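Some notes on the structure that comes next.
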Amino acid sequence: MTTAAVTAPDVVPHAGLAERFDRHAGRLMVLPAVIILLCFAIFPLIISAYLSLSRFALAPGGFTLNFVGLANFRKLLTGSQQYHLLGTFGAFGAVEWILLALGAALILFLFGRYLLSGRATVVGTIGRLITASLAMGLTLLLVATVVAGGVPGTLINTLLYVGIGVTAQFLLGLGLALLCSQAIRGRNFFRVLFFIPLMVTPVGIAYTFRMLADMQKGPFAPLLQAFGIGEWSWATQAWSARLMVLVGDTWQWTPFMFIVLLAAVENQPRDQVEAARIDGANGFQIFRDITWPAIAPIAATIVLIRLIEAFKIIDLPNVLTGGGPGLATESMTLHSFLAWRTQDLGGSAAVGYLLLFVTTIVCVSFFNFVVRPARRHEA
Amino acid sequence: MSDNRSLARRLFEPTSLERQAPATRAITYFLLFIWSLVVLVPLYWVLITSFKNEGAVANGPFYLPFIDFQPTLHAWDFMLLQNNTLGPYLNSVVVALGSTCMALLVGSLAAYALVRIRFRVKLAMVLIFLILLIGVIITVVTFRVPWQIALASAVALFLIALFTLARRMKTALGNSDVEFWIISNRIMPPIVAVLPIYVMFQQLRLLDTQFALIATYTAVNLPIVVWLTRDFFAAIPLDLEESAEIDGASKLRVFFTIALPLVRSGLVATFLLVLILAWNEYLLALFLTNANAQTMPVLVSAQNTTRGPQWWNMSVLIVVMIAPVIIIAAFLQKHIARGLLVGAVKG
């Protein structure tokens with residue numbers, strides 16, 4: 001393909017086919033992967049970019065596709081679909097301004113510290129500017145919709161799933177890994193058992209949790225009725241519906257954190273732990289000074305992997321709540337899917353692209369500012 | 001008095017270096033027990049619901065088979081024998097296995113080459129390639145040029161550039177850049193790519209076939225395979241491969257006969273992980289399949305639309321879907337953990 005490699009200039013006369021093949025073996029071995037990714041990632045991405053800049057309409061005998069520039073994005077960010085993607089903004093009071101100022105101060109402080117550190121480069125500054133502006137925008141959005149009493153849109157919903165979900169999964173996974181790494185009986189049993197939810201298909205999890213959370217026929221119904229909330233329904237309240245999605249997601253993905261962190265904890269330097277214990281260090285000190293530094297790079301990496309996947313969430317909200325009540329549980333992927341179903345192909349592609357931008361900036365920032373320092377610290 | 005102190009000591013102080021104090025141990029077991037319940041209760045509920053009939057579900061929660069309610073195979077009989085569940089199940093098996101094998105083959109070949117052979121990809125050629133690709137798409141879509149003509153002229157232009165410009169350009173991308181590009185494809189949310197993929201298979205008349213799903217899943221899971229296997233290959237010593245090459249074995253032969261067998265346990269882990277991802281995939285299957293190639297996740301989610309959720313039937317589907325993967329995982333979870341750990345260490 002595009003590989004103009006450093007081939008040896010001395011061409012052997014009458015090189016056989018096999019020999020020729022072997023000279024280009026490297027390129028030929030990578031070629032299938034490159035072709036597949038070109039067909040199923042790069043090519044679709046370009047087409048999607050084109051779709052997001054045009055208006056699709058059914059016409060007699062087929063369809064029409066008109067180039068409309070950034071109209072789809074404008075509609076989503078400032079126009080008629082703003083409530084859907086960004087949400088409805090509440091009025092700003094003192095609390096909101098203070099929170100916003102705190103967020104801005106934190107971002108400015110980090111940025112200023114970098115500029116004054118004497119290690120600032122042009123590329124680094126530009127990268128941090130992008131990260132800082134996205135962080136500022138999302139803070140503003142979060143304050144305006146969640147704190148100020150507005151209605152969060154799909155962007156904030158997705159961020160809530162990612163932020164709260166990944167944090168909960170990481171903490172639970174780490175806790176379980178620390179418990180399971182101790183010298184206890186039945187370790188292997190717990191290990192296999194705790195791993196199982198990862199295998200269950202997300203669609204199945206969604207239905208299972210709908211069954212469990214059924215207020216009349218579910219297993220906890222008698223308990224709920226005893227508390228006098230049997231008539232209440234979690235599906236009609238925005239935050240309880242979001243919580244259900246988060247519970248399902250956490251049930252599935254905690255095992256992923258758990259198994260990797262457990263393997264990491266078991267790989268920590270044994271002799272150091274024993275020496276510390278002889279010196280009388282308590283469990284928390286051992287964790288802070290030995291275990292955590294040993295597992296931090298791995299922890300950062302699996303959080304990154306989980307972040308990448310978490311942004312794609314669709315199965316759980318789609319089946320569990322259908323995105324409702326209202327659009328309280330609708331993720332950006334679901335938003336894009338629903339737009340596609342109403343034949344708004346341009347809008348669908350535009351939402352997909354915005355998701356791609358946010359995911360990329362968040363994940364690249366996380367890699368640069370969390371994963372890399374964690375690894376450097378170790379080395 | 002002294003008895004009391006010794007009791008307190010026995011409860012709260014470690015008995016030896018490895019074992020903790022009984023009180024700490026009790027808390028540990030308690031917490032592990034709680035989480036075991038969190039894991040087991042949903043699974044148990046699905047399992048017993050699959051043996052209930054409509055009445056046993058509708059008349060309030062029943063917990064214990066044979067005591068609370070009379071278990072029945074009615075739902076199993078209905079879903080497996082009368083309803084067409086076998087078709088989607090077979091589709092799921094074929095698609096998951098086929099795409100996993102493809103992804104593993106293509107991905108490990110690429111990963112091996114990226115670890116062992118030095119690459120230099122001219123940056124200029126990548127840019128020219130991308131510009132030509134965008135140009136082809138724009139001319140086809142806006143000016144209605146037949147795509148065959150556009151593609152042929154683009155290939156010709158590219159070849160001309162390859163043999164003229166390429167020799168002058170110095171800036172090149174190395175192995176780590178290519179690797180990064182392949183792995184970074186995983187960041188892309190599938191929803192961005194699925195529309196064009198849908199149109200593409202529609203044009204090729206391959207929509208709603210197992211092939212379409214196998215090809216798409218292969219592409220989606222390829223980055224994971226490259227990311228994991230790269231570290232396995234990097235960890236094996238060079239001498240074996242070198243001595244084989246001196247003996248005149250080709251690179252491909254060295255790969256299949258020496259390198260692949262050496263990373264067997266890592267391949268098992270990768271295989272399982274990718275298999276599970278393909279087995280549970282929902283969004284792409286939703287777009288690309290209809291009646292013929294429908295997979296299990298789509299079938300499960302479709303249960304909702306007809307006459308409201310029939311929990312007993314749905315539970316049967318969920319049980320048959322998760323049973324095989326749970327059995328596989330129970331036997332091989334150590335492999336998966338080790339495989340992921342290797343990947344996470346190197347990143």
Side-chain angles (χ1 to χ4, degrees), chain A residues 2-6 22 25-26 29-30 32-33 36-37 40-41 44-48 176 179 182-184 190 192-197 199-201 203-204 207-208 211-212 217-219 221 259-260 263-264 274 277 298 301-302 308 311-312 314-315 319 333 336 352-353 355-356 359-360 363, chain B residues 17-19 28 31-32 35-36 39 42 45-46 57 60-61 106 109-110 113 117 120-122 125-126 129 134 137 166 185-189 191-193 195-197 216 218-219 222 250-252 276 280 282-283 297 300-301 311 314 318 321-322 325-326 329-330 333 337 340-341 344-345 347:
Chain A
T2 49
T3 33
V6 278
D22 211 47
M29 283 161 98
V30 180
I36 287 177
L37 286 177
F40 289 92
L45 264 183
I46 296 171
I47 302 257
S48 260
L176 291 171
L179 287 177
Q182 294 168 351
I184 51 166
F190 288 122
V192 175
L193 182 68
F194 292 174
F195 182 57
I196 286 174
M199 312 284 107
V200 183
T201 172
V203 179
Y207 278 123
T208 309
M211 275 193 261
L212 289 174
K217 311 279 180 282
I259 49 161
V260 181
E274 267 158 35
R277 209 168 272 160
I298 295 161
T301 310
I302 57 161
I308 292 174
F311 272 105
K312 302 173 184 169
I314 176 171
D315 346 30
V319 175
T333 305
S336 178
Y353 250 86
L355 177 61
L356 176 66
T359 313
T360 310
C363 292
Chain B
L17 277 179
E18 271 300 303
R19 304 183 70 86
T28 303
L31 292 174
L32 290 174
W35 191 260
S36 306
V39 171
W45 195 251
V46 173
V57 172
V106 174
L109 260 175
I117 301 161
R120 285 173 60 77
V121 184
K122 299 274 160 107
M125 294 319 293
V126 176
F129 179 81
I134 294 171
I137 290 168
N185 273 295
R186 187 72 196 178
I187 295 181
M188 184 184 69
I191 190 81
V192 189
L195 276 177
I197 293 176
T216 315
T218 304
L222 199 58
S250 70
K251 288 241 163 48
L252 216 56
I276 290 161
N280 290 338
Y282 170 66
L283 179 66
V300 173
S301 81
W311 295 126
M314 197 110 64
I318 297 173
M321 236 202 114
I322 62 182
V325 268
I326 286 182
Q333 64 88 26
L340 282 174
L341 186 67
V345 171

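Numbers restart at 1 for each chain; the letters A, B, ... are given by sequence-line order, proteins then strands. Note that this is a predicted model, so its numbers are computed, not measured.
With chain B as partner, the option from A:Gly352, A:Ser48, A:Ala25 having the largest number of non-hydrogen pairs under 4.5 angstrom is A:Ser48. Between chain B and the options A:Leu45, A:Thr360, A:Leu212, A:Leu37, the largest number of non-hydrogen pairs under 4.5 Å is found for A:Leu37. Options B:Ile117, B:Ile197, B:Ile276, B:Leu283 differ in how many heavy-atom pairs under 4.5 Å they form with chain A, and the most are formed by B:Ile197.
For A:Phe195, there are no ring-ring contact (aromatic ring centres under 6.0 Å, His included) partners two or more places apart in sequence or in a different chain. A:Ser336 is linked by a side chain to side chain donor-acceptor pair (under 3.5 Å) to A:Ser348, counting only residues two or more places apart in sequence or in another chain.
Residues A:Lys312 and B:Met188 approach most closely at CE-O, 3.7 Å, considering heavy atoms. Considering all non-hydrogen atoms of both residues, A:Pro44 and B:Ala193 come closest at CB-O, 3.6 Å.
A:Ile47 is listed as a side-chain neighbour of B:Ile137, based on a closest heavy-atom distance under 4.5 Å. At a threshold of 4.5 Å between non-hydrogen side-chain atoms, the residues A:Thr359 and B:Pro189 count as touching. The shortest distance between side-chain heavy atoms of B:Ile318 and A:Thr208 falls below 4.5 Å. Contact annotation: the side chain of A:Met199 never approaches that of B:Ile322 to less than 4.5 Å [non-hydrogen atoms, C-beta and beyond]. The shortest distance between side-chain heavy atoms of A:Phe194 and B:Leu32 falls below 4.5 Å. Side-chain contact between A:Ile314 and B:Ile191: absent, with no pair of heavy atoms (C-beta onward) separated by less than 4.5 Å.
Heavy-atom distances place no part of A:Phe311 under 4.5 Å from chain B, backbone and side chain included. The contact between B:Trp35 and chain A is made by backbone and side chain atoms together, counting heavy-atom distances below 4.5 Å.
A donor-acceptor contact shorter than 3.5 Å is absent between the side chain of A:Tyr353 and the backbone of B:Val192.
Here the CG-OG1 distance, from A:Leu179 to B:Thr28, works out to 5.5 Å after rounding to the nearest 0.5 Å.
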